[in-house]
Amino acid sequence: MVHTERYELIFQMSGAADDVVRVRLTDRLGAGGCPVYEDETGIVRAEISDRGEVRMLASGGHQVPGAPLLARPLREDVPGTL
């Protein structure tokens, strides 16, 4: 199966502009059997299904990651999405 290489995770911040985190496909699968994506720091991790369903994954102890409003796929063949 071919998976989307990159996503933007959009988090709503109260009283401020939305926070956008770009994540890339890793070689790992999550507990639900879907691919795991992470940002360049490895701190933000998410399991994303082929239907765009997102399960945030803790990358360290005592971390309670919030759920994004949206996972937007990025395509390298579309200008402005890199």
Side-chain angles (χ1 to χ4, degrees):
M1 175 180 264
V2 176
H3 299 286
T4 301
E5 287 290 319
R6 298 177 311 120
Y7 279 91
E8 281 184 334
L9 301 178
I10 315 298
F11 296 88
Q12 186 174 24
M13 305 298 290
S14 99
D18 292 344
D19 190 17
V20 179
V21 178
R22 290 184 176 187
V23 293
R24 289 189 170 274
L25 182 64
T26 69
D27 59 353
R28 297 182 302 272
L29 295 177
C34 298
V36 171
Y37 292 78
E38 67 183 21
D39 72 340
E40 63 184 30
T41 68
I43 295 171
V44 177
R45 291 184 187 158
E47 180 180 2
I48 304 176
S49 77
D50 58 349
R51 295 181 302 245
E53 300 163 325
V54 180
R55 178 185 321 176
M56 296 304 295
L57 306 171
S59 61
H62 305 292
Q63 186 183 32
V64 182
L69 287 175
L70 175 68
R72 181 173 40 219
L74 297 175
R75 295 187 10 217
E76 293 180 12
D77 61 332
V78 176
T81 64
L82 292 176

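What you see below is based on every heavy atom in this structure, not just the backbone, and it leaves out hydrogens, waters and symmetry mates. This structure is a prediction, so every number in the text was calculated from the model and none was measured.
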Item to complete: Not counting sequence neighbours, which residues clear side chain to side chain contact (heavy atoms under 4.5 Å, CB included) with Leu25? List them please.
Response: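 Listed in chain order: His3, Glu5, Pro35, Tyr37.
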Item to complete: Applying salt bridge (charged side-chain N to carboxylate O under 4.0 Å, His left out), name anything that partners Glu38, two or more places apart in sequence or on another chain.
Response: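 Testing Glu38 for salt bridge (charged side-chain N to carboxylate O under 4.0 Å, His left out), a comparison that skips the adjacent residues, returns Arg28, Arg45.
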Can you name the nearest heavy-atom pair linking [X] to [Y], along with the distance?
{"X": "Gly42", "Y": "Ser59", "result": "O-CB, 3.6 Å"}
{"X": "Ala46", "Y": "Met56", "result": "CB-SD, 3.7 Å"}
{"X": "Glu47", "Y": "Gly33", "result": "OE2-N, 3.3 Å"}

Worksheet item: Taking the side chain as C-beta and beyond, is there a heavy-atom pair between Asp39 and Leu9 under 4.5 Å?
Response: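 No. Closest side-chain heavy atoms not under 4.5 Å.
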Worksheet item: Which ILVMFWY residues can you reach from Val36 by hopping between side chains whose heavy atoms are under 4.5 Å apart?
Response: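 Grouped by the 4.5 Å side-chain rule, Leu57 form the rest of the cluster around Val36.
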Worksheet item: Picking from Val54, Leu74, Val23, Leu70, what satisfies side-chain contact (heavy atoms from CB on, under 4.5 Å) with Tyr7?
Response: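 Output: one option passes, namely Val23.
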